[in-house]
Amino acid sequence: MDRSNATERLATLEQRLGDHESRCEERLGEIKATVGSTLRAVEGLKTRAWGVAAALLAWALAQLWSENAHHFERLDREQSVVTRSFAAHPASSRIVAGQSGEGPSMKGLRG
């Protein structure tokens with residue numbers, strides 16, 4: 001009887017071991033599927049992050065371009081005001097150019 005009892009216990013242990021191995025294989029398959037899904041999600045996030053970075057860079061460049069355009073428009077307006085002012089007063093343009101015709105000459109002071 002002892003022998004049949006040991007045989008039954010051995011058969012039970014082999015059955016439990018087989019069940020355990022099959023459960024482990026199922027879990028390993030689920031883990032691999034989850035890891036694959038997670039890796040695909042991370043790659044998708046990387047792609048989106050690069051897209052967001054490119055969009056932010058484009059936005060920053062557009063801001064710089066816009067600011068430069070405003071700056072150049074302001075300079076153009078100031079230049080046109082100065083040009084109109086010199087056109088309205090020809091004597092002032094001669095003074096700026098050094099052709100006033102008045103006062104001492106600066107030629108002798110230069111070495």
Would you give the length of the straight line joining atom [atom1] of [X] to atom [atom2] of [Y], rounded to the nearest 0.5 angstrom?
{"X": "N5", "Y": "L10", "atom1": "CG", "atom2": "CG", "answer": "11.5 Å"}
{"X": "L61", "Y": "S66", "atom1": "CG", "atom2": "OG", "answer": "12.5 Å"}
{"X": "E21", "Y": "R16", "atom1": "CD", "atom2": "CZ", "answer": "14.0 Å"}

In this structure, are over 12 heavy atoms from other groups packed under 6.0 Å from R74 atom CZ?
yes
If two hydrophobic side chains count as joined below 4.5 Å and joins carry through other members, does L39 share a cluster with I31?
yes
Can you check whether T47 reaches E43 side chain to side chain, under 4.5 Å on heavy atoms?
no
Taking C-beta and beyond as the side chain, do L13 and L17 meet within less than 4.5 Å on heavy atoms?
no
Under 3.5 Å: donor-acceptor pair, side chain of T7, backbone of R3
yes
R27/E30 salt bridge by N-O under 4.0 Å criterion
no
